Number of protein chains: 2
Amino acid sequence: MLSKSCVYALRAIVYIGHNCSDTKKIGIKEIGEELELPFHFLSKILQRLVKHHIIQSTKGPHGGFYISEEAKQVNILRIIDIIDGLSFFEKCGLGLKECSETHPCPLHNDFKVFRDGLYHLFLKKTIADLVIKIEDGNAFISNLPQNK
Amino acid sequence: MLSKSCVYALRAIVYIGHNCSDTKKIGIKEIGEELELPFHFLSKILQRLVKHHIIQSTKGPHGGFYISEEAKQVNILRIIDIIDGLSFFEKCGLGLKECSETHPCPLHNDFKVFRDGLYHLFLKKTIADLVIKIEDGNAFISNLPQNK
DNA sequence: TAATAAAAAGACCTAAATATCTTTTATTAT
DNA sequence: ATAATAAAAGATATTTAGGTCTTTTTATTA
């Protein structure tokens with residue numbers, strides 16, 4: 001449902017949110033190593049997030065990525081929109097163009113419940129919410145990414 | 001979430017279920033035209049469904065695909081398993097390998113609700129359920145597939 | 001039994017997602 | 001100023017999903 005790019009983006013943001021401070025910025029190298037994500041691919045993703053002002057960066061020695069407290073209030077759906085777009089949440093489960101409330105496909109009503117539920121979940125969850133979770137001890141790093 | 005192959009499979013099965021009878025089998029050509037699906041691609045998909053005994057086929061003049069009343073009782077999840085596999089329903093939302101009940105990722109509990117809900121929806125819905133829906137007038141054909 | 005119709009099978013092609021490599025630009029410290 | 005460091009940018013490679021084309025096999029019917 002979420003692309004790898006999108007999942008990598010979320011994990012990287014949370015890592016930055018958890019580890020950066022006024023004095024400490026986080027390099028791609030560190031993120032890539034800790035989260036076991038491919039360096040260059042990750043760097044493209046972070047670039048996009050910088051362009052959309054989700055995170056900030058500075059070049060040069062002691063440069064790296066960081067995120068403001070304000071930006072941590074951004075919701076997950078916003079990140080999904082930037083990386084993948086929101087078509088998943090708008091699309092018919094059977095791929096029918098004209099499936100709608102008034103002209104539903106056979107799965108429409110049942111499918112809608114979950115699709116809309118996910119939408120609202122991602123809408124209400126912020127980056128800060130995820131950062132707090134890992135600070136409370138939830139799994140995050142020292143987890144290899146799933147293969148397949 | 002579901003691949004195009006999988007969605008094409010579901011639509012084709014429902015079309016066959018709705019249109020075939022003891023005397024009438026349905027050709028790929030007809031299915032492809034009615035549902036606006038690519039002929040050869042569809043044929044690969046139908047082959048797989050035949051191999052897994054979801055539908056049957058005969059070659060030669062007046063040959064085509066058909067489905068037994070018994071096979072219509074197969075649930076949607078089975079089709080998803082054959083075409084895409086069930087990894088979506090087993091995977092962590094953030095792609096973490098070791099995310100689990102006892103060692104959850106920050107999204108685990110919230111995400112699980114919807115992932116499991118979808119699982120049970122697809123588990124309880126049968127092909128026959130979808131066929132009945134379209135016989136009751138739900139959207140199905142004369143709908144171009146969504147592009148994107 | 002030959003012609004025809006249909007699916008099956010195999011080879012191949014294309015586009016998008018994912019991943020890597022190289023060069024450039026900006027920043028900092030010496 | 002210069003060297004070193006780190007992100008930005010651009011080009012290229014790989015993999016996978018999606019799609020097409022051609023040949024073969026099987027069944028029917030004239």
Side-chain angles (χ1 to χ4, degrees), chain A residues 1-9 11-12 16 20 23-33 35-67 80 82-85 87-88 95 145-148, chain B residues 1-13 16 20 23-33 35-67 80 82-85 87-88 95 145-148:
Chain A
M1 182 195 40
L2 302 181
S3 70
K4 283 197 180 189
S5 295
C6 191
V7 161
Y8 292 178
R11 292 174 63 197
I16 294 166
C20 81
T23 54
K24 196 190 168 204
K25 292 158 193 163
I26 318 292
I28 306 176
K29 189 149 171 287
E30 176 182 339
I31 304 171
E33 278 168 8
L35 304 184
E36 309 204 35
L37 304 180
F39 182 93
H40 294 282
F41 189 46
L42 179 59
S43 111
K44 301 288 178 200
I45 295 167
L46 297 183
Q47 275 176 42
R48 299 192 64 186
L49 296 173
V50 169
K51 280 209 186 106
H52 285 85
H53 310 107
I54 304 298
I55 56 179
Q56 283 91 282
S57 69
T58 57
K59 293 180 176 180
H62 306 115
F65 297 87
Y66 55 101
I67 185 170
I80 296 172
I82 290 167
I83 304 293
D84 285 345
S87 69
F88 171 79
Q146 280 186 335
N147 38 354
K148 188 66 201 165
Chain B
M1 181 194 41
L2 303 180
S3 70
K4 284 200 177 184
S5 295
C6 191
V7 161
Y8 292 177
L10 289 171
R11 292 174 63 195
I13 294 168
I16 293 165
C20 81
T23 55
K24 196 189 169 207
K25 292 157 193 163
I26 318 292
I28 306 175
K29 189 150 169 289
E30 175 182 338
I31 305 171
E33 278 168 9
L35 304 185
E36 310 204 34
L37 304 180
F39 182 93
H40 294 282
F41 189 45
L42 180 58
S43 112
K44 301 290 177 195
I45 295 167
L46 297 183
Q47 274 177 43
R48 300 193 63 186
L49 295 174
V50 169
K51 281 212 186 105
H52 285 85
H53 311 105
I54 304 299
I55 55 180
Q56 282 92 301
S57 69
T58 58
K59 293 181 178 181
H62 304 115
F65 297 88
Y66 56 101
I67 185 168
I80 296 172
I82 289 167
I83 305 293
D84 286 344
S87 69
F88 171 78
Q146 281 185 336
N147 38 354
K148 187 67 201 170

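Here the structure is a predicted model, which means the values were calculated and not measured. A note on names: the letters A, B, ... follow the listed sequences, proteins ahead of strands, and every chain is numbered from 1.
Residue B:K4 places its side chain closer to D:dG18 than to any other of D:dC21, C:dA19, D:dG18. In this structure, the nucleotide among D:dA8, D:dG19, C:dA8 sitting nearest to the side chain of B:S57 is C:dA8. Minimum atom distance to the side chain of B:H62 is reached by D:dT29, of the listed D:dG19, C:dA29, D:dT29. Here the side chain of B:F41 is nearest to one of D:dA4, D:dG19, D:dA9, namely D:dG19. Considering only the side chain of B:I28, C:dA7 comes nearest among D:dT5, D:dG19, C:dA7. Picking from D:dT22, D:dT5, C:dA8 the nucleotide with the shortest atom distance to the side chain of B:H40 gives D:dT22. In the set C:dT27, D:dA8, D:dA11, D:dA11 carries the atom at the smallest distance from any side-chain atom of A:K44.
Atom CG of A:L42 and atom P of D:dA6 are 15 Å apart (whole Å). One atom, CD1 of B:I26, and another, P of C:dA7, lie 10 Å apart when rounded to the nearest Å. Rounded to whole angstrom, the span from the CD atom of B:E30 across to the C1' atom of C:dA7 amounts to 15 Å. We find that CZ of B:F39 is positioned 18 Å from C1' of C:dC13, with the value rounded to whole Å. Rounded to whole angstrom, the span from the CD1 atom of A:I45 across to the P atom of D:dA9 amounts to 15 Å.
To the nearest 0.5 Å, atoms CG (B:L35) and OH (B:Y8) are separated by 10.5 Å. From B:I80, atom CD1 reaches atom CE of B:M1 across 7.0 Å, with rounding to the nearest 0.5 Å. Put simply, NZ on A:K44 and CD1 on A:I28 are 9.5 Å apart, with the number rounded to the nearest 0.5 Å. Here the CD1 atom belonging to B:I55 is positioned 10.0 Å from the CD atom belonging to B:Q47, to the nearest 0.5 angstrom.
In terms of position on DNA chain C, the residue among B:K59 and A:S3 whose nearest nucleotide sits closer to the 5' end is B:K59. Toward the 5′ end of DNA chain C lies the nearest nucleotide of A:C6, the other residue of the pair A:K25 and A:C6 mapping further downstream. For the pair A:F65 and B:L2, both in contact range of DNA chain D, the more 5′-proximal nearest nucleotide belongs to A:F65.
The side chain of B:Y8 contributes an N or O atom lying less than 4.0 Å from OP1 or OP2 of D:dG19. The shortest distance between the side-chain N/O atoms of A:Q47 and the OP1/OP2 oxygens of D:dA9 is below 4.0 Å.
Residues A:Y66 and A:T58 are in side-chain contact: their nearest non-hydrogen atoms beyond the backbone lie under 4.5 Å apart.
When both pairing distances are held under 3.5 Å, D:dT29 makes a Watson-Crick or G-U pair with C:dA2.
Within the nucleic acid shown, B:T58 comes within 4.0 Å of sugar-phosphate atoms alone, with no base atom in reach, counting heavy atoms only.
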